[in-house]
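All values below were derived from every heavy atom in this structure, side-chain atoms included, with hydrogens, water molecules and symmetry-related copies excluded.
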Amino acid sequence: MRSSVSYILSHAPGESVMSHPDYSQHAQHHACLLVLVKGIGGMLKNFNKLWDRIQKVNNIKVTDSAGQVRDIWVRYVRDYPVENNDWGDFQTHRRLLGLITLSKFTNQVELNEVCRVHESLKVKYINTLYDSRAFMFGPVSNMKKPEQEPENYSLFEDDKVFRDGSTSDKTSMPSEQSDSLSSSESFPHSVSSNASCPVQEENFTTPSNFKTHAMFYGENDPVPDLEQNVADLINSLFWVVESKRLERSREKLEKVSLLLAPFEKKDFVGLDMESRNNKKRCMGRVTKNLADLTLQAGLVAESLSLYHNSAEILKSVNDWLWLAAAKEGLCAASAILLYPNLRNSEPLQRNASLQECSPNKTKSLSLFHPNMEPFRKYKTTSSSPLRSSKASSPVNPPSELTPSSSDSVESSSRQSETDNCDTESLASSSDIEYQSQKSFLSPDLPSIPRQPPSQLQNQYLLNGEDIAEKYRKAIIHYSKYQNAGIIETEACFKAARIAVEQNNSLHASSFLQNVIFINLTLSEQEKIQRFDTLAELYKEIGFLRKAAFCQRLAATRQVSPNNPNPDWQRCYYLMLDSFPGHKLSLDPNYVIQHQVGWPALQIQLLQELVVAARRMGNPALATRHMTFLLQTMWPHLSRQEHRDLAIQLQALSAQCEGGPVPLVLPTGAVVPPASLSHVPQCSSFTPRPPPPPRAPHLVKLKTQQGPFIFTPIHFGTLERKAKKDEGKMEYLWVEDDICEVQMKLTNPLPFELKVSNMRLLTSGIVFESIPETIILAPDTPTTVNLHGTPKEVGELQILGYSTHTLGVKSNCRLKTMPMPNKFPALYTIEVIPSLPTITIETTVSSAGSMSLSSLENVGSTTNITLHNGESTECYMKITNTSNVTIEYLDIAIQSNMDSQLQSKIFQYSNGDIQAQLPIAPNETATINMKLYGEADFLDLGGVGGENLFPNSLTSNYPSRVGSPVPNTQTSLPTQSSNPQTSLSSGLMPNRTSGSFRSTNSHTTSWSAPISVMPPSRGRQIETQVIIRYSGGAGKEMHCRQSTLQINLELLPSVSITHWDVLPAEIPSQLYLVLDVTNLTSEEMDFHYAPSKHILIESKESCRIPVPLDRCPFNATSNKTDDDLLESKSLSTGTSSNSLELMCSEHITNNVDLRWHLLQSDINGKASVKGITLSQAMMDIVRMSPLNWEVSVNKQCIKPQDEYSCSAGECLSLGVAVWNHLTRPLHKLCLSVQFYQDYNNGVLCYKLDNRVATAGSNKVVLSTLAESAKAYHECTVVFLTPGEYKIDIQCSTTEPILDDVIIRDPDNQPIIQPCTGEVSHVWRFIPPVAISVTD
């Protein structure tokens, strides 16, 4: 936009130029009267309040002599350089027209000085000053005010016409005009100080040369007539301006003098002023001056034609400077008519009562939002120390910020009155704020005018595009004059502000860009003001990056070497305000989450911010920003930068330690806490469940119901469970118990890192965290466990952890942890009421004496060794180590055995346990558990045999007892290696734990427990004693579970490899013959009868006859419920099984086998439980159902009696049989058979040549009734001497239905009769022995 002839009409440096730019000027200021408000004398404590009140009187309505209501606007400043005042002829709004002083004095001397300073100010601005007011605040004592002469323009006082301003048209002003003052009737007439201070002649008096209209008040007076007096001053100034306008309008254009800019005075020396061009020049400039006065006098529409006419005249004579001023005036007047809200805006003061999230509160540092509106404003109002403490001038109360029209929602309001501050203020003109409340819903629509429509139809009124174009041409003309650089700069700012009002960002950016290229000789402070103003306007059009660039330049100028008064604080706040443009936020979590912007620029800005904070003497801020830098920019820093910045942070934190608390700046802005989440880096964070002994369990376990079987296989869409809460833990924590969270940390720095005071961050219930300290080596993952104790019952939320490293305390929350490690936002764990804790001591007694075998804690292992058949006792001493009483105690045993065998090995009384409850804190209870080495002592496979006795799971042997198979090889039945030929394979049912079982077992092979093993093998039994206990408030729901591991080793003691039954000397007894093997390494004393015992050497066998009574015929089976259940699984139909069970049980119950190891003094038992019997054995064991009576020669033969006779003697043998059954017997066959026993296992039945019988030796009885008797007699002759025996037997060919039938609880017979079975034989025992002699 700069012309190629920029400096053609310029003059050399050194001439009069405007050296103090006013960057706060707006286009509407062209229509304002300029008034200086100055504080002199002592410091008034209420100066700012008075200043605010004065600023509100910025518009009054005056009715002129023609009856037209004029809107008169005022601009107040607090300092104004005389050089700028010299440009009053060029642009009349630069003339200082009024002066208001606010002074304080305490004595006459100070009063004289105040008056002198006031008069000197009048002299300073004497060329343009029209009127002044002095507000003087003295002590409460009375003051004397002398008679004062009227001021220079007091003659206009008589011409004032006061009208009520409230009668103005509603379209031109809002209805609420509490602060918009009319000239007279708005206030009571009080122009002297007598109303507030009575006069006494002896008190303070003003000097005689003090000609100003002064008002005197007490120091603490509320000054009720301040606004009235200010309005009177404005009214006075208006009439002066109006008189000047009328005077100028009546001048003859041919005779006007040439108006000059300050630097033009030398240009026209010696020139012919009567030339045609110069006359036109004079006419154009005077017309332009008249237009300025007309605009200030409130005749905006009339000024349009004057500006247009002057521009046409000046254009014809190429008077570029004044032509530019005329065009600028035309643009300003048009803008005032088109956008009346430009002069109605009022800056919103910061209200500390608004919450941070309130939409009505402006924030000094807004978060960067990528989706922000293009014209988003980042505006603050007097919240920064960069802003003057003397707020910028408001023009109207908030009620007047919007027009009365309902369509004004889309209109915008802008600040119109701003000022320079005095030299004593820290703020400068660049500190003025421009608060926009523009709505961008319809950016193409201009603001709704408040002037009558007739004024908007002026032919010279410019539209929005014309205003921008005229301003552009004016700026080009200004650029031709080097001395007009400041005028050009101010014009650019005015044009930019109008473009902002028009929502035309491109035009605004173009005007602002031109400011950068204007070459001005400015002080460092003025450069700062220029950059700050550029930044503010760039923000208003949404050019945040350029605004940030300007703010950063302003910040660097604040501390540049050329600045005589470097201000690090203002530098800091300027850089802090540039955060949005750099796409940064003070919230580190927001920056980490969005990752936008330019990391290199952001890192440089943050480093400079750290330096500024440190240099301005705030180490806490420096530490915070360095922590922020490391946290947010960590991925963009090199490893060397990590090291350097960490060392810098350590040095900064040595001056002021960093903490996880927000820092509140003096401006009210809040700097959120920053955490070193990368130092150290956390790759794993897992709350741990309580250790098994302390883990809570449900008291009542949920039983699985329904026919469905659990499977770990997932079937895709068939699994319709809702997604679980990622942070919800399945396990529970217990109140007052130490809980643990496991972390894995890595030190990314190249030196050792000390991390101290590590704690857990929690919410919800009270949680007492235990601090931890650790030193991390570089790049080495280290596992760290953090502990704490919940102190309440409820829901505990674990949010993260805290650290103290590099001098910074950090709260590292899981939801803000850096990627790639993804953690849930929090972990939720349910905490239940306190539960007791215990310790367990185990003591094992051996051989009846107590001996302390082990002192074990919870979860330990106890090793016990027993021989098969040995018994011992284990005492468990439980001590309550907590402060909670144990009110519930239960014991359960789990092992790799089936439940029946387990109950025989481990025995305890639940009643004894419950009798010791409750267990108070630090008290003990003792549980007595008896251990027995249960074993199957019947070793069918023999000692060390390969073929072990099969258990119930692998047996293929039939459970039905068949016919006896005669064994001619040995006197005792034994297990053969060939199951097809062995006796036991045909006779022995499957047996487990000493009881008969079917092959149809309920237990499947994959979960098979340990059953009874052969006695020749040792066994390892792993058992867990589970102790469940609880107490306190949660005893009904939860309990703890301690496990005591008992490893029981069962060693072989004795085994019974073979057995048989033999008839005894009397019919009521028998002998159980056993082959017993000592499997121990010691000599054994084996007791098999009350008074009989035998010594068996180690690893040797011995045959032992055990005398027993025969099983009574009417005996019943004393079976337990378990045995009944097992019996129900029998698949046979004959009574043989029931008879064998009964006989086996009879033998088991009546055999008492005990052993004693002599060397180690160990006692134990042995049992024949589960013994199998053949049919012949059962006949011996059980008493016969038939009663026999045998006689020889009518002589009754007693058992074991031997009858003697001679060879050839005829003997009469009589046999009588009685039926003792409760039913008749059918198809009986009674037979008598003679044989010889060679006593070597050989029986000879072929005695045809030795014995002769007369009569039948076999008789068939069709029926033998109940209790009936059958008798048979025959004659026998022994032909040769020798030893003979008579086998007398009775057999049947029909099925036998025995009375001994096992019944279930429902009295239904389990064993049903089955036809077609083999016959049964009853023998007379013992056989009759006859000795035949010669």
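Listed by chain and number, the residues in a salt bridge (Lys or Arg N to Asp or Glu O under 4.0 Å) with E251 are R248 (sequence neighbours excluded). Listed by chain and residue number, L323, A326 satisfy the side chain to side chain contact (heavy atoms under 4.5 Å, CB included) test with A311 (two or more places apart in sequence, or in another chain). Qualifying side-chain hydrogen bond (donor to acceptor under 3.5 Å, both in side chains) partners for T101, counting only residues two or more places apart in sequence or in other chains: H118. In terms of the side-chain hydrogen bond (donor to acceptor under 3.5 Å, both in side chains) criterion, K280 has no residue partners (sequence neighbours excluded). Under the side-chain hydrogen bond (donor to acceptor under 3.5 Å, both in side chains) criterion, N277 pairs with no residue at all, not counting sequence neighbours. Applying the salt bridge (Lys or Arg N to Asp or Glu O under 4.0 Å) criterion to K470, with sequence neighbours excluded, gives no partner residue. A search for salt bridge (Lys or Arg N to Asp or Glu O under 4.0 Å) contacts involving E524 returns K527, R557, not counting sequence neighbours. With sequence neighbours excluded, the residues that form a side chain to side chain contact (heavy atoms under 4.5 Å, CB included) with V223 are L50, R53, F137, Y217, D225, L226. By the salt bridge (Lys or Arg N to Asp or Glu O under 4.0 Å) test, K288 pairs with D292, sequence neighbours left out. Annotation: side chain to side chain contact (heavy atoms under 4.5 Å, CB included) contacts of A335 (sequence neighbours excluded): Y339, L342, I467, I498. For E242, the side-chain hydrogen bond (donor to acceptor under 3.5 Å, both in side chains) partners at least two apart in sequence or on another chain are R70, R245. Shown here are the ring-ring contact (aromatic ring centres under 6.0 Å, His included) partners of F238, two or more places apart in sequence or in another chain: there are none.
Ion pairing between a basic and an acidic side chain is recognised when a charged N comes within 4.0 Å of a carboxylate O; D79 and K38 show such pairing. R285 has a carboxylate O that lies under 4.0 Å from a charged side-chain N of E264, or vice versa, which qualifies the two as a salt bridge. A salt bridge links K104 with E219; the closest basic N to acidic carboxylate O contact falls under 4.0 Å. Comment: R116 does not engage E119 in a salt bridge, judged by the lack of any side-chain N to carboxylate O separation of less than 4.0 angstrom.
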Next on the checklist: Between K56 and E227, is the salt bridge (charged side-chain N to carboxylate O under 4.0 Å, His left out) condition met? List the steps.
Outcome noted: CA-CA 9 Å; K56 292 180 180 179; E227 287 83 0; over 6 Å; no
Item to check | Audit row: F90, W322, ring pair (Phe, Tyr, Trp, His ring centres under 6.0 Å) steps and yes/no | outcome: CA-CA 8 Å; F90 180 71; W322 286 76; 5.0 Å; yes
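Residues Q25 and H93 bring a donor and an acceptor atom of their side chains to less than 3.5 Å of each other. Judged purely by distance below 3.5 Å, without hydrogens or angles, the side chains of N309 and T287 never pair a donor atom with an acceptor atom.
Counting heavy atoms from C-beta on, the side chains of K45 and N220 come closer than 4.5 Å.
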